[in-house]
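Keep in mind that this is a model prediction, so the values were computed, not measured.
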Amino acid sequence: MDLTFSDSELAFRDELRAWIEANHPGDAPKDEDEAYAFRRAWQRTLYDAGWAAVHWPREFGGRDASLVEAAIFNEELARARAPFPANVLGLLLAGPTIMVWGDEEQKQRYLNPIMSGEEIWCQGFSEPEAGSDLAALKTRAVRDGDDWVVTGQKVWTSGAQYSKWCMLVARTDQDAPKHKGLSYFIMDMEQAEVQVRPLRQITGEAEFNELFIEEARIPNANLLGGEGNGWKVALTTLMNERAGLAFGLQVGLKVKLDQLTEEAAARGLLDDPVVADRLGELHTRCEILRLTAYRGLTATMKYGQPGPEGSLTKLMWSSTNQALMQAATDILGPGALVKDSPWSYELLRSRGNTIEGGTTEILKNIVAERVLGLPRK
Ligand SMILES: Cc1cc2nc3c(=O)[nH]c(=O)nc-3n(C[C@H](O)[C@H](O)[C@H](O)COP(=O)(O)OP(=O)(O)OC[C@H]3O[C@@H](n4cnc5c(N)ncnc54)[C@H](O)[C@@H]3O)c2cc1C
(Lines give C-alpha, C1' and ligand atoms only; values in the text may rest on other atoms or scores of the structure.)
Protein backbone atom coordinates (compact mmCIF):
# COMPACT_ATOMS: atom_id res chain seq x y z
CA MET A 1 0.00 0.00 0.00
CA ASP A 2 1.52 3.32 -1.08
CA LEU A 3 -0.12 6.37 0.50
CA THR A 4 1.65 9.05 -1.55
CA PHE A 5 -0.23 10.47 -4.52
CA SER A 6 1.43 10.57 -7.93
CA ASP A 7 1.74 13.86 -9.85
CA SER A 8 -1.29 13.02 -12.00
CA GLU A 9 -3.34 12.15 -8.90
CA LEU A 10 -2.36 15.45 -7.31
CA ALA A 11 -3.35 17.26 -10.53
CA PHE A 12 -6.69 15.43 -10.47
CA ARG A 13 -7.23 16.49 -6.83
CA ASP A 14 -6.36 20.13 -7.53
CA GLU A 15 -8.67 20.31 -10.54
CA LEU A 16 -11.50 18.79 -8.50
CA ARG A 17 -10.88 21.04 -5.50
CA ALA A 18 -11.07 24.13 -7.71
CA TRP A 19 -14.23 22.83 -9.39
CA ILE A 20 -15.98 22.12 -6.06
CA GLU A 21 -15.02 25.55 -4.76
CA ALA A 22 -16.56 27.21 -7.82
CA ASN A 23 -19.70 25.02 -7.86
CA HIS A 24 -20.49 24.20 -4.21
CA PRO A 25 -24.29 24.40 -3.89
CA GLY A 26 -24.25 25.71 -0.28
CA ASP A 27 -26.41 24.37 2.54
CA ALA A 28 -29.34 22.04 1.85
CA PRO A 29 -32.86 23.31 2.58
CA LYS A 30 -34.53 22.01 5.78
CA ASP A 31 -37.67 20.54 4.16
CA GLU A 32 -37.17 16.85 3.31
CA ASP A 33 -38.55 16.94 -0.25
CA GLU A 34 -36.81 20.21 -1.06
CA ALA A 35 -33.56 18.77 0.31
CA TYR A 36 -33.95 15.77 -1.97
CA ALA A 37 -34.59 17.98 -5.03
CA PHE A 38 -31.52 20.02 -4.04
CA ARG A 39 -29.34 16.89 -3.96
CA ARG A 40 -30.78 15.79 -7.29
CA ALA A 41 -29.88 19.13 -8.87
CA TRP A 42 -26.38 18.81 -7.36
CA GLN A 43 -26.00 15.38 -8.95
CA ARG A 44 -26.97 16.86 -12.31
CA THR A 45 -24.32 19.57 -11.90
CA LEU A 46 -21.72 16.90 -11.09
CA TYR A 47 -22.85 14.83 -14.07
CA ASP A 48 -22.74 17.72 -16.53
CA ALA A 49 -19.13 18.38 -15.55
CA GLY A 50 -18.22 14.65 -15.67
CA TRP A 51 -17.80 14.31 -11.89
CA ALA A 52 -20.85 12.20 -10.92
CA ALA A 53 -19.05 8.84 -10.67
CA VAL A 54 -15.53 9.38 -11.81
CA HIS A 55 -14.37 5.75 -12.07
CA TRP A 56 -17.25 4.70 -14.34
CA PRO A 57 -16.45 4.21 -18.05
CA ARG A 58 -16.72 7.31 -20.23
CA GLU A 59 -19.43 5.72 -22.37
CA PHE A 60 -21.78 5.82 -19.36
CA GLY A 61 -20.84 9.35 -18.31
CA GLY A 62 -17.83 8.67 -16.07
CA ARG A 63 -14.22 9.70 -16.69
CA ASP A 64 -12.42 6.33 -16.47
CA ALA A 65 -10.67 7.44 -13.29
CA SER A 66 -8.52 5.02 -11.31
CA LEU A 67 -9.70 3.70 -7.95
CA VAL A 68 -7.26 6.03 -6.19
CA GLU A 69 -8.77 8.99 -8.05
CA ALA A 70 -12.24 7.78 -7.06
CA ALA A 71 -11.09 7.70 -3.44
CA ILE A 72 -9.69 11.22 -3.81
CA PHE A 73 -13.05 12.29 -5.23
CA ASN A 74 -14.96 11.01 -2.19
CA GLU A 75 -12.46 12.52 0.21
CA GLU A 76 -12.63 15.93 -1.45
CA LEU A 77 -16.42 15.98 -1.54
CA ALA A 78 -16.59 15.15 2.17
CA ARG A 79 -13.84 17.63 3.03
CA ALA A 80 -15.73 20.44 1.26
CA ARG A 81 -18.91 19.38 3.12
CA ALA A 82 -20.65 19.08 -0.23
CA PRO A 83 -23.91 17.06 -0.21
CA PHE A 84 -24.12 13.42 -1.31
CA PRO A 85 -25.65 13.09 -4.80
CA ALA A 86 -29.36 12.10 -4.58
CA ASN A 87 -29.08 8.78 -6.39
CA VAL A 88 -26.62 7.35 -3.93
CA LEU A 89 -27.99 3.78 -4.09
CA GLY A 90 -27.98 3.90 -7.89
CA LEU A 91 -24.39 5.14 -8.04
CA LEU A 92 -22.94 2.94 -5.32
CA LEU A 93 -25.01 -0.24 -5.59
CA ALA A 94 -27.16 -0.62 -8.72
CA GLY A 95 -24.60 0.75 -11.21
CA PRO A 96 -21.65 -1.43 -10.11
CA THR A 97 -23.96 -4.48 -9.89
CA ILE A 98 -25.25 -3.92 -13.43
CA MET A 99 -21.69 -3.45 -14.67
CA VAL A 100 -20.77 -6.89 -13.30
CA TRP A 101 -23.96 -8.86 -14.05
CA GLY A 102 -25.89 -6.92 -16.69
CA ASP A 103 -26.04 -7.80 -20.39
CA GLU A 104 -25.11 -5.18 -22.96
CA GLU A 105 -28.70 -4.02 -23.37
CA GLN A 106 -29.15 -3.54 -19.61
CA LYS A 107 -25.90 -1.59 -19.35
CA GLN A 108 -26.92 0.69 -22.22
CA ARG A 109 -30.43 1.18 -20.80
CA TYR A 110 -29.80 1.78 -17.09
CA LEU A 111 -26.34 3.12 -16.39
CA ASN A 112 -26.48 6.59 -17.89
CA PRO A 113 -29.77 7.67 -16.20
CA ILE A 114 -28.34 6.45 -12.86
CA MET A 115 -25.36 8.70 -13.38
CA SER A 116 -27.37 11.78 -14.36
CA GLY A 117 -29.89 11.29 -11.53
CA GLU A 118 -32.71 11.16 -14.05
CA GLU A 119 -33.80 7.75 -12.68
CA ILE A 120 -33.52 7.12 -8.96
CA TRP A 121 -33.00 3.62 -7.53
CA CYS A 122 -33.89 1.90 -4.28
CA GLN A 123 -32.85 -1.41 -2.74
CA GLY A 124 -35.65 -3.94 -2.08
CA PHE A 125 -33.79 -6.56 -0.07
CA SER A 126 -35.01 -6.51 3.58
CA GLU A 127 -38.36 -7.96 4.58
CA PRO A 128 -40.18 -8.06 7.93
CA GLU A 129 -38.80 -11.55 8.56
CA ALA A 130 -35.63 -11.42 6.50
CA GLY A 131 -33.03 -8.78 7.38
CA SER A 132 -29.71 -10.20 8.48
CA ASP A 133 -30.80 -13.57 7.18
CA LEU A 134 -31.57 -12.17 3.75
CA ALA A 135 -31.82 -15.58 2.07
CA ALA A 136 -34.93 -16.30 4.19
CA LEU A 137 -36.93 -13.77 2.14
CA LYS A 138 -40.43 -14.73 1.09
CA THR A 139 -41.36 -12.30 -1.71
CA ARG A 140 -42.09 -14.60 -4.64
CA ALA A 141 -41.87 -14.18 -8.38
CA VAL A 142 -43.72 -16.57 -10.68
CA ARG A 143 -43.07 -16.78 -14.44
CA ASP A 144 -46.04 -15.83 -16.63
CA GLY A 145 -45.15 -15.75 -20.36
CA ASP A 146 -42.55 -13.01 -20.89
CA ASP A 147 -43.16 -11.57 -17.43
CA TRP A 148 -42.63 -12.40 -13.80
CA VAL A 149 -45.49 -11.75 -11.38
CA VAL A 150 -44.26 -10.60 -7.96
CA THR A 151 -46.06 -10.62 -4.62
CA GLY A 152 -44.64 -9.83 -1.18
CA GLN A 153 -43.55 -7.17 1.26
CA LYS A 154 -40.30 -5.27 1.67
CA VAL A 155 -39.32 -2.97 4.52
CA TRP A 156 -36.79 -0.22 5.27
CA THR A 157 -36.64 0.65 1.57
CA SER A 158 -34.66 3.93 1.59
CA GLY A 159 -35.69 6.50 -1.00
CA ALA A 160 -38.49 4.33 -2.45
CA GLN A 161 -40.76 7.38 -2.57
CA TYR A 162 -38.46 9.02 -5.15
CA SER A 163 -37.49 5.90 -7.07
CA LYS A 164 -38.17 4.77 -10.60
CA TRP A 165 -36.38 1.39 -10.20
CA CYS A 166 -35.93 -1.11 -7.40
CA MET A 167 -33.17 -3.72 -7.02
CA LEU A 168 -35.51 -6.50 -5.99
CA VAL A 169 -34.50 -9.92 -4.71
CA ALA A 170 -37.35 -12.48 -4.87
CA ARG A 171 -37.81 -16.23 -4.54
CA THR A 172 -38.31 -17.88 -7.93
CA ASP A 173 -37.92 -21.51 -6.85
CA GLN A 174 -39.77 -22.62 -3.73
CA ASP A 175 -38.17 -26.07 -3.69
CA ALA A 176 -34.50 -25.13 -4.08
CA PRO A 177 -32.27 -24.65 -0.97
CA LYS A 178 -32.89 -21.12 0.32
CA HIS A 179 -29.79 -19.40 -1.18
CA LYS A 180 -30.32 -21.08 -4.55
CA GLY A 181 -33.99 -20.27 -5.16
CA LEU A 182 -33.51 -16.50 -5.48
CA SER A 183 -33.39 -14.17 -8.48
CA TYR A 184 -32.49 -10.49 -8.79
CA PHE A 185 -34.85 -8.19 -10.70
CA ILE A 186 -35.00 -4.61 -11.86
CA MET A 187 -38.56 -3.65 -10.84
CA ASP A 188 -40.40 -0.61 -12.17
CA MET A 189 -41.77 1.27 -9.13
CA GLU A 190 -44.24 3.20 -11.29
CA GLN A 191 -47.09 0.69 -11.25
CA ALA A 192 -50.22 0.55 -9.08
CA GLU A 193 -49.29 -2.94 -7.86
CA VAL A 194 -46.40 -1.43 -5.88
CA GLN A 195 -47.52 0.62 -2.88
CA VAL A 196 -44.98 2.74 -0.96
CA ARG A 197 -45.75 3.67 2.67
CA PRO A 198 -43.30 5.92 4.51
CA LEU A 199 -41.88 4.99 7.93
CA ARG A 200 -41.00 7.94 10.15
CA GLN A 201 -37.70 7.72 12.02
CA ILE A 202 -36.41 9.09 15.34
CA THR A 203 -34.97 12.09 13.41
CA GLY A 204 -38.47 13.06 12.22
CA GLU A 205 -37.63 12.18 8.62
CA ALA A 206 -39.19 9.38 6.60
CA GLU A 207 -36.01 8.26 4.86
CA PHE A 208 -37.30 4.74 4.33
CA ASN A 209 -40.55 2.93 3.56
CA GLU A 210 -42.55 -0.24 3.51
CA LEU A 211 -43.25 -1.68 0.04
CA PHE A 212 -46.40 -3.70 -0.53
CA ILE A 213 -46.18 -5.63 -3.79
CA GLU A 214 -49.35 -7.26 -5.07
CA GLU A 215 -48.94 -9.07 -8.39
CA ALA A 216 -46.54 -6.50 -9.83
CA ARG A 217 -45.21 -7.38 -13.29
CA ILE A 218 -41.57 -7.45 -14.28
CA PRO A 219 -40.51 -8.32 -17.86
CA ASN A 220 -38.07 -11.22 -18.09
CA ALA A 221 -35.63 -8.81 -19.77
CA ASN A 222 -35.30 -7.14 -16.33
CA LEU A 223 -33.85 -10.23 -14.70
CA LEU A 224 -30.26 -9.44 -13.70
CA GLY A 225 -27.64 -12.21 -13.77
CA GLY A 226 -30.00 -15.03 -14.75
CA GLU A 227 -32.67 -17.07 -12.97
CA GLY A 228 -31.56 -18.61 -9.66
CA ASN A 229 -28.43 -16.42 -9.38
CA GLY A 230 -30.01 -13.81 -7.10
CA TRP A 231 -27.82 -14.59 -4.09
CA LYS A 232 -24.57 -14.07 -6.01
CA VAL A 233 -25.84 -10.86 -7.59
CA ALA A 234 -27.05 -9.59 -4.19
CA LEU A 235 -23.58 -10.24 -2.70
CA THR A 236 -22.05 -7.96 -5.36
CA THR A 237 -24.49 -5.25 -4.27
CA LEU A 238 -23.71 -5.76 -0.56
CA MET A 239 -19.92 -5.74 -1.05
CA ASN A 240 -20.22 -2.46 -2.94
CA GLU A 241 -22.51 -1.03 -0.24
CA ARG A 242 -19.92 -1.59 2.49
CA ALA A 243 -16.81 -0.68 0.56
CA GLY A 244 -18.21 2.16 -1.55
CA LEU A 245 -19.00 4.56 1.23
CA ALA A 246 -15.78 3.98 3.17
CA PHE A 247 -13.82 6.91 1.78
CA GLY A 248 -16.42 9.62 2.08
CA LEU A 249 -17.54 8.40 5.47
CA GLN A 250 -14.11 8.33 7.08
CA VAL A 251 -13.37 11.88 5.91
CA GLY A 252 -16.85 13.00 6.98
CA LEU A 253 -16.06 11.66 10.43
CA LYS A 254 -12.78 13.57 10.59
CA VAL A 255 -14.52 16.79 9.46
CA LYS A 256 -17.06 16.41 12.30
CA LEU A 257 -14.30 15.64 14.82
CA ASP A 258 -12.40 18.80 13.79
CA GLN A 259 -15.61 20.78 14.20
CA LEU A 260 -16.16 19.35 17.69
CA THR A 261 -12.53 20.07 18.64
CA GLU A 262 -12.97 23.71 17.48
CA GLU A 263 -16.17 24.08 19.50
CA ALA A 264 -14.53 22.54 22.57
CA ALA A 265 -11.52 24.89 22.15
CA ALA A 266 -13.82 27.92 21.88
CA ARG A 267 -15.27 26.93 25.27
CA GLY A 268 -11.79 26.56 26.79
CA LEU A 269 -12.34 22.84 27.33
CA LEU A 270 -9.19 21.46 25.73
CA ASP A 271 -7.27 21.80 29.01
CA ASP A 272 -9.71 19.42 30.65
CA PRO A 273 -7.81 16.10 30.58
CA VAL A 274 -11.01 14.06 30.26
CA VAL A 275 -12.12 16.04 27.18
CA ALA A 276 -8.61 15.94 25.66
CA ASP A 277 -8.43 12.20 26.25
CA ARG A 278 -11.76 11.55 24.53
CA LEU A 279 -10.94 13.72 21.54
CA GLY A 280 -7.50 12.09 21.28
CA GLU A 281 -9.00 8.63 21.25
CA LEU A 282 -11.49 9.62 18.56
CA HIS A 283 -8.66 11.10 16.50
CA THR A 284 -6.75 7.79 16.73
CA ARG A 285 -9.84 5.83 15.67
CA CYS A 286 -10.32 8.14 12.64
CA GLU A 287 -6.70 7.57 11.58
CA ILE A 288 -7.07 3.78 11.89
CA LEU A 289 -10.23 3.99 9.82
CA ARG A 290 -8.48 6.05 7.12
CA LEU A 291 -5.65 3.54 6.85
CA THR A 292 -8.07 0.59 6.81
CA ALA A 293 -10.06 2.27 4.01
CA TYR A 294 -6.83 2.49 1.99
CA ARG A 295 -6.10 -1.17 2.73
CA GLY A 296 -9.55 -2.09 1.37
CA LEU A 297 -8.77 -0.02 -1.72
CA THR A 298 -5.52 -1.93 -2.26
CA ALA A 299 -7.46 -5.22 -2.07
CA THR A 300 -10.00 -3.93 -4.63
CA MET A 301 -7.17 -2.93 -6.98
CA LYS A 302 -5.65 -6.42 -6.62
CA TYR A 303 -8.79 -8.51 -7.05
CA GLY A 304 -10.98 -6.23 -9.22
CA GLN A 305 -13.91 -6.24 -6.75
CA PRO A 306 -14.34 -5.10 -3.16
CA GLY A 307 -13.73 -7.89 -0.65
CA PRO A 308 -14.95 -8.52 2.90
CA GLU A 309 -12.55 -5.82 4.21
CA GLY A 310 -15.37 -3.35 3.45
CA SER A 311 -17.24 -4.95 6.34
CA LEU A 312 -14.41 -3.98 8.68
CA THR A 313 -14.51 -0.32 7.61
CA LYS A 314 -18.28 -0.17 7.93
CA LEU A 315 -18.12 -1.78 11.39
CA MET A 316 -15.45 0.65 12.63
CA TRP A 317 -17.09 3.69 11.08
CA SER A 318 -20.49 3.06 12.69
CA SER A 319 -19.17 2.58 16.22
CA THR A 320 -16.80 5.57 15.89
CA ASN A 321 -19.55 7.84 14.58
CA GLN A 322 -21.82 6.88 17.49
CA ALA A 323 -18.94 7.45 19.97
CA LEU A 324 -18.25 10.85 18.38
CA MET A 325 -21.88 11.95 18.64
CA GLN A 326 -22.05 10.82 22.26
CA ALA A 327 -18.83 12.72 23.00
CA ALA A 328 -20.22 15.84 21.28
CA THR A 329 -23.33 15.90 23.45
CA ASP A 330 -21.32 15.20 26.64
CA ILE A 331 -18.72 17.89 25.84
CA LEU A 332 -21.02 20.60 24.44
CA GLY A 333 -23.81 20.04 26.93
CA PRO A 334 -27.58 20.56 26.54
CA GLY A 335 -27.05 23.17 23.74
CA ALA A 336 -26.12 20.29 21.44
CA LEU A 337 -29.46 18.66 22.06
CA VAL A 338 -31.83 21.46 21.04
CA LYS A 339 -33.97 20.82 17.98
CA ASP A 340 -32.12 22.95 15.45
CA SER A 341 -28.61 21.97 16.50
CA PRO A 342 -26.88 19.89 13.80
CA TRP A 343 -25.43 17.76 16.62
CA SER A 344 -28.87 16.63 17.81
CA TYR A 345 -29.80 15.47 14.29
CA GLU A 346 -26.48 13.64 13.92
CA LEU A 347 -26.82 12.02 17.35
CA LEU A 348 -30.26 10.64 16.53
CA ARG A 349 -29.33 9.59 12.96
CA SER A 350 -26.21 7.78 14.19
CA ARG A 351 -28.36 5.22 16.07
CA GLY A 352 -29.18 3.56 12.73
CA ASN A 353 -25.50 3.27 11.70
CA THR A 354 -25.02 -0.05 13.50
CA ILE A 355 -28.09 -1.53 11.75
CA GLU A 356 -28.03 -0.20 8.16
CA GLY A 357 -25.84 -1.93 5.57
CA GLY A 358 -25.41 -4.97 7.86
CA THR A 359 -25.67 -4.98 11.67
CA THR A 360 -22.61 -4.87 13.87
CA GLU A 361 -23.13 -8.47 15.00
CA ILE A 362 -23.31 -9.75 11.41
CA LEU A 363 -20.27 -7.71 10.36
CA LYS A 364 -18.29 -9.11 13.30
CA ASN A 365 -19.12 -12.60 12.08
CA ILE A 366 -17.95 -11.71 8.55
CA VAL A 367 -14.72 -10.15 9.82
CA ALA A 368 -14.05 -13.13 12.11
CA GLU A 369 -14.67 -15.76 9.45
CA ARG A 370 -13.63 -14.14 6.18
CA VAL A 371 -11.02 -11.54 7.14
CA LEU A 372 -9.38 -13.21 10.15
CA GLY A 373 -10.08 -16.78 8.98
CA LEU A 374 -11.39 -17.91 12.38
CA PRO A 375 -13.39 -21.14 12.42
CA ARG A 376 -17.18 -20.95 11.93
CA LYS A 377 -19.22 -21.64 15.04
C1 LIG B 1 -31.30 3.77 8.07
C2 LIG B 1 -31.54 2.43 7.46
C3 LIG B 1 -31.72 2.31 6.09
C4 LIG B 1 -31.96 1.06 5.50
N5 LIG B 1 -32.15 1.01 4.15
C6 LIG B 1 -32.43 -0.20 3.56
C7 LIG B 1 -32.72 -0.27 2.17
O8 LIG B 1 -32.74 0.75 1.46
N9 LIG B 1 -33.03 -1.47 1.62
C10 LIG B 1 -33.03 -2.61 2.37
O11 LIG B 1 -33.29 -3.68 1.81
N12 LIG B 1 -32.77 -2.58 3.71
C13 LIG B 1 -32.48 -1.40 4.31
N14 LIG B 1 -32.23 -1.34 5.67
C15 LIG B 1 -32.37 -2.57 6.44
C16 LIG B 1 -31.12 -3.17 7.01
O17 LIG B 1 -30.32 -3.73 6.00
C18 LIG B 1 -31.59 -4.22 8.04
O19 LIG B 1 -32.19 -3.53 9.10
C20 LIG B 1 -30.49 -5.07 8.54
O21 LIG B 1 -30.02 -5.94 7.55
C22 LIG B 1 -30.92 -5.89 9.77
O23 LIG B 1 -32.10 -6.62 9.54
P24 LIG B 1 -33.32 -6.57 10.55
O25 LIG B 1 -33.64 -5.16 10.85
O26 LIG B 1 -34.38 -7.45 10.00
O27 LIG B 1 -32.78 -7.21 11.93
P28 LIG B 1 -32.64 -8.74 12.28
O29 LIG B 1 -31.91 -9.44 11.19
O30 LIG B 1 -33.96 -9.25 12.71
O31 LIG B 1 -31.67 -8.68 13.53
C32 LIG B 1 -32.13 -8.33 14.85
C33 LIG B 1 -30.92 -8.39 15.79
O34 LIG B 1 -30.39 -9.73 15.84
C35 LIG B 1 -29.01 -9.74 15.51
N36 LIG B 1 -28.68 -10.95 14.72
C37 LIG B 1 -29.38 -11.45 13.67
N38 LIG B 1 -28.77 -12.54 13.17
C39 LIG B 1 -27.65 -12.75 13.91
C40 LIG B 1 -26.57 -13.70 13.89
N41 LIG B 1 -26.53 -14.67 12.97
N42 LIG B 1 -25.58 -13.58 14.79
C43 LIG B 1 -25.60 -12.58 15.73
N44 LIG B 1 -26.60 -11.65 15.81
C45 LIG B 1 -27.59 -11.71 14.91
C46 LIG B 1 -28.81 -8.48 14.67
O47 LIG B 1 -27.48 -8.05 14.71
C48 LIG B 1 -29.78 -7.50 15.34
O49 LIG B 1 -29.18 -6.92 16.47
C50 LIG B 1 -32.00 -0.11 6.30
C51 LIG B 1 -31.83 0.00 7.70
C52 LIG B 1 -31.61 1.25 8.27
C53 LIG B 1 -31.43 1.33 9.77
Side-chain angles (χ1 to χ4, degrees), residues 1-17 20 51 53-56 62-82 84-85 88 91-93 95-96 99-100 235-258 261 279-324 353-354 357-358 360 363-364 366-373:
M1 182 170 65
D2 180 2
L3 295 178
T4 44
F5 293 139
S6 66
D7 286 347
S8 70
E9 285 158 358
L10 286 174
F12 175 90
R13 187 195 66 188
D14 293 344
E15 184 192 347
L16 175 61
R17 237 179 229 183
I20 295 177
W51 291 114
V54 290
H55 63 297
W56 282 28
R63 51 168 81 202
D64 276 332
S66 67
L67 283 172
V68 173
E69 288 169 339
I72 292 174
F73 173 79
N74 285 322
E75 284 195 325
E76 289 303 316
L77 219 58
R79 185 168 287 122
R81 299 185 199 182
F84 270 131
V88 65
L91 289 168
L92 288 181
L93 312 189
M99 282 190 228
V100 173
L235 281 186
T236 303
T237 306
L238 293 174
M239 295 288 195
N240 277 288
E241 179 168 25
R242 285 162 202 164
L245 281 172
F247 270 87
L249 290 179
Q250 54 93 11
V251 187
L253 202 58
K254 182 68 174 41
V255 167
K256 283 186 253 174
L257 177 59
D258 288 347
T261 308
L279 292 174
E281 194 203 330
L282 285 164
H283 179 79
T284 310
R285 285 170 73 165
C286 284
E287 262 314 276
I288 294 171
L289 195 52
R290 187 173 74 85
L291 295 173
T292 311
Y294 272 98
R295 216 168 62 182
L297 181 73
T298 310
T300 310
M301 281 157 73
K302 244 192 200 153
Y303 305 116
Q305 276 204 55
E309 296 82 2
S311 297
L312 186 58
T313 332
K314 197 276 162 171
L315 171 67
M316 289 162 63
W317 166 77
S318 55
S319 64
T320 308
N321 197 40
Q322 287 181 350
L324 172 63
N353 296 160
T354 41
T360 288
L363 297 180
K364 281 185 179 168
I366 295 176
V367 170
E369 288 165 14
R370 289 197 250 143
V371 180
L372 299 175

Between atom [atom1] of [X] and atom [atom2] of [Y], what is the distance when rounded to the nearest 0.5 Å?
| X | Y | atom1 | atom2 | value |
| --- | --- | --- | --- | --- |
| H283 | K254 | NE2 | NZ | 5.5 Å |
| L77 | I20 | CG | CD1 | 5.0 Å |
| L363 | T354 | CG | OG1 | 10.0 Å |
| S318 | Q322 | OG | CD | 6.0 Å |
| S66 | I72 | OG | CD1 | 7.0 Å |
| K302 | L67 | NZ | CG | 14.0 Å |

Heavy atoms, side chains only, cut-off 4.5 Å: are V371 and S311 in contact? no
I need the minimum non-hydrogen distance between [X] and [Y], along with the two atoms involved.
| X | Y | value |
| --- | --- | --- |
| M316 | I288 | CE-CG2, 3.4 Å |
| L289 | W317 | CD2-CA, 3.7 Å |
| G252 | A78 | N-CB, 3.9 Å |
| V54 | A70 | CG2-CA, 3.7 Å |
| L92 | P96 | O-CG, 3.2 Å |
| F12 | F73 | CE2-N, 4.3 Å |

With side chain to side chain contact (heavy atoms under 4.5 Å, CB included) as the criterion, how do M301 and V68 come out once you've worked through the C-alpha distance, each side chain's angles and the decisive distance to 0.1 Å? CA-CA 9 Å; M301 281 157 73; V68 173; 4.1 Å; yes
Which residues pass the side chain to side chain donor-acceptor pair (under 3.5 Å) test with [X], sequence neighbours left out?
| X | value |
| --- | --- |
| R63 | none |
| T236 | W101 |
| R79 | E76 |

So, the side chain of K314 versus the backbone of N353: is there a donor-acceptor pair under 3.5 Å, distance only? yes
Does the K256 side chain pair with the main chain of L324, one donor and one acceptor, at a distance under 3.5 Å? no
In a check of side chain to side chain donor-acceptor pair (under 3.5 Å) between Q250 and each of E287, R285, E75, which one passes? E75
